[in-house]
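All remarks here apply to the structure that follows.
Order of the sequence lines sets the chain letters (A, B, ...), proteins ahead of strands, with each chain counted from 1. Keep in mind that this is a model prediction, so the values were computed, not measured.
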Number of protein chains: 2
Amino acid sequence: MNPKAISKQTLLRLPSYLSYLKSLPKDECEYVSATTIATALGLNDVQVRKDLACVSKKGRPKLGYVAEELIRDIESFLGYDALNDAIIVGAGRLGGALLSYEGFKEYGLNIVAAFDADESKVGTEICGKKIFPLSKMKELCQRMKVRIGIITVPAHSAQKACDMLVDSGIYAIWNFAPVHLKVPDNILVQQENMAASLAVLSAHLAEAIKNNEIGKGDEENDK
Amino acid sequence: MNPKAISKQTLLRLPSYLSYLKSLPKDECEYVSATTIATALGLNDVQVRKDLACVSKKGRPKLGYVAEELIRDIESFLGYDALNDAIIVGAGRLGGALLSYEGFKEYGLNIVAAFDADESKVGTEICGKKIFPLSKMKELCQRMKVRIGIITVPAHSAQKACDMLVDSGIYAIWNFAPVHLKVPDNILVQQENMAASLAVLSAHLAEAIKNNEIGKGDEENDK
DNA sequence: TAGATTGTTAATCGATTAACAATC
DNA sequence: TAGATTGTTAATCGATTAACAATC
């Protein structure tokens, strides 16, 4: 059914390629090789080549790939060239930060409004984007044909927010609450798991301290 | 050298177990089975059992694991019981949001200060935490024995921020900039890749639209 | 031509899942 | 005892890497 099924790993790596390619000086680098990309990002070159093969045209032996083309192909594959409207549920600190971050437009994400249960927030604006009561969610989503919902409410109300989004006809959810959401099969949930990242950091640090690889402070910098 | 090397995948799942366990009503659930956890989080039960075996005591057949004990063991394994001081480089929107999020303490992360190149921000406070000029970073890190640095600067200055952190004696870096950082071998970088999450969301959505699984809006809700 | 690079096929590696005996 | 659950060993699966012929 799906002719070129792409692995999740590959999908996760594409944005790094994109940002690397964009960081290259345009005039100097018409061609870029998989080996170059791999070295810059600390990856295996065959892996990069396979990833690129999923989304772009063939490279040319000895030269590599046309950088401009690669950028366009990755962007179009990831859907960054078409703007998707999204709403945020939870206009707290994190929600506010996301709401006011202009950079998401580069990724094809356009946050149009926020919703919050807190009546004192309703009616106010963050960066020109209005905060509405939860009761308005369904109507606004359907009228504006919003397909993406972002959850930035506390963990205990995340499932409720999720249910409301689903009921509003949302198709994909980006969840910042550290909770596993239960959704119908046809709804996509992308978990943004900061707690998990933090766990990796924290565990490595704990391990290093236990093994005396680092001191309790900066001793290794002294004598 | 490392007696019980734990897989990165396991490490990433531990926080979900923890948050699930904490969400259980204490009085009702003295014991919790791997099967229950697995079902709740949409995982395989053997996987949960193997993960738990890495960090906790044996479970009891027919009953499961003692919930309280599991919570303690995971927390201690992840180092959440010992508070680590951290600093943030970049006091913009995202940096400010992280700075003012109290919840990190639960994960053993204590953000003590922020640094920013913008002179107009220097001297101000966010949630009682001071913003310092970059020039003060090294001295403060060494004096307070800070081991974790968080990067929330724009992509183009992330490597510079990173170099400064390394020079300041930082041991682990949590990077929110969508850039691959070059660091010495002994420094741990944890990449928080929102662009990658967004890519997954965006690509699935683009695919679904192409396959006509969803309409251009809410038509499927009509007639 | 020689050499860097591509793309593909095969081998390796690691993680997940299945099967099953042991336990309470 | 019967049945739910554990922990372990073996099988499966998928992703990464190695090897190599093809290309410019």
Side-chain angles (χ1 to χ4, degrees), chain A residues 1-17 20-21 24 28-67 69-70 73-74 180 193 196 199-200 203, chain B residues 1-17 20-21 24 28-67 69-70 73-74 180 193 196 199-200 203:
Chain A
M1 172 142 281
N2 203 339
K4 37 173 162 180
I6 194 171
S7 93
K8 179 151 186 190
Q9 317 298 320
T10 296
L11 201 45
L12 289 169
R13 279 187 298 264
L14 289 175
S16 348
Y17 302 154
Y20 173 73
L21 291 167
L24 295 175
E28 290 168 39
C29 318
E30 193 189 340
Y31 285 91
V32 60
S33 79
T35 322
T36 312
I37 300 178
T39 308
L41 302 177
L43 299 171
N44 179 287
D45 60 322
V46 180
Q47 186 170 65
V48 173
R49 237 166 263 131
K50 283 199 173 172
D51 287 345
L52 295 181
C54 296
V55 300
S56 192
K57 299 185 195 62
K58 299 219 162 190
R60 290 173 54 185
K62 181 121 187 213
L63 290 170
Y65 304 79
V66 180
E69 232 170 65
L70 228 39
D73 289 343
I74 297 177
H180 176 81
N193 206 338
V200 176
Chain B
M1 174 143 276
N2 204 337
K4 36 174 162 179
I6 193 171
S7 94
K8 179 151 184 189
Q9 317 298 321
T10 296
L11 200 44
L12 289 169
R13 280 188 296 265
L14 289 175
S16 348
Y17 301 154
Y20 172 72
L21 290 167
L24 296 174
E28 289 167 40
C29 318
E30 192 189 342
Y31 284 91
V32 61
S33 80
T35 322
T36 312
I37 301 178
T39 308
L41 301 177
L43 300 170
N44 179 289
D45 61 322
V46 180
Q47 186 170 65
V48 174
R49 239 168 261 130
K50 284 199 171 173
D51 287 345
L52 296 181
C54 295
V55 300
S56 192
K57 299 184 194 64
K58 300 219 161 190
R60 289 174 54 185
K62 180 121 188 216
L63 290 171
Y65 304 79
V66 180
E69 232 169 64
L70 228 39
D73 288 343
I74 297 178
H180 174 81
N193 207 339
V200 176

Exercise. Sequence neighbours left out, what passes side-chain hydrogen bond (donor to acceptor under 3.5 Å, both in side chains) with Asp45(B)? Give chain and number order.
Key: Arg49(B)
Quiz item: If you look only at pairs with a residue in residues 53-64 of chain A, which of them pass as a side-chain hydrogen bond (donor to acceptor under 3.5 Å, both in side chains), with sequence neighbours excluded?
Solution: Tyr31(A)-Arg60(A), Ser56(A)-Asp73(A)
Quiz item: Between atom CG of Leu12(B) and atom CG of Asn193(A), what is the distance when rounded to the nearest 0.5 Å?
Solution: 7.5 Å
Quiz item: Of all residues at least two apart in sequence or in a different chain, which pass the side chain to side chain contact (heavy atoms under 4.5 Å, CB included) check with Ala203(A)?
Solution: Leu11(B), Leu78(B)
Exercise. For Leu41(A), check side chain to side chain contact (heavy atoms under 4.5 Å, CB included) against everything at least two apart and list the hits.
Key: Ser16(A), Tyr17(A), Tyr20(A), Ile37(A), Leu43(A), His180(B)
Quiz item: Tell me: CG of Leu70(A) to P of dT6(C), nearest whole Å?
Solution: 11 Å
Quiz item: Do Gln9(B) and Gln47(B) have side chains that get closer than 4.5 Å, going by heavy atoms?
Solution: no
Practice problem: Output the distance between atom CG (Leu24(A)) and atom OG1 (Thr36(A)), rounded to the nearest 0.5 Å. | Solution: 9.0 Å
Quiz prompt | d(CG, Asp45(A); P, dT5(C)) in whole Å | solution = 9 Å
Quiz item: Going from NZ on Lys50(A) to CG on Asn44(A), what distance comes out if it is rounded to the nearest 0.5 angstrom?
Solution: 9.5 Å
Quiz item: So which of residues 30-39 of chain A are in contact with DNA chain C, with a heavy-atom cut-off of under 4.0 Å?
Solution: Ser33(A), Ala34(A), Thr35(A)
Quiz prompt | Nucleotide-resolved protein contact map, nucleotides 16-24 of chain C, B/S/- at heavy-atom distance under 4.0 Å | solution = SBB----BB
Self-check item: Structure string for DNA chain D in dot-bracket form, Watson-Crick and G-U at under 3.5 Å, | interchain
Solution: ..||||||||||||||||||||||
Self-check item: Residues in side-chain hydrogen bond (donor to acceptor under 3.5 Å, both in side chains) contact with Ser7(B), at least two apart in sequence or another chain
Solution: Thr10(B)
Quiz item: Once you round to the nearest 0.5 Å, how far does CZ of Arg13(A) lie from CD1 of Ile74(A)?
Solution: 12.0 Å
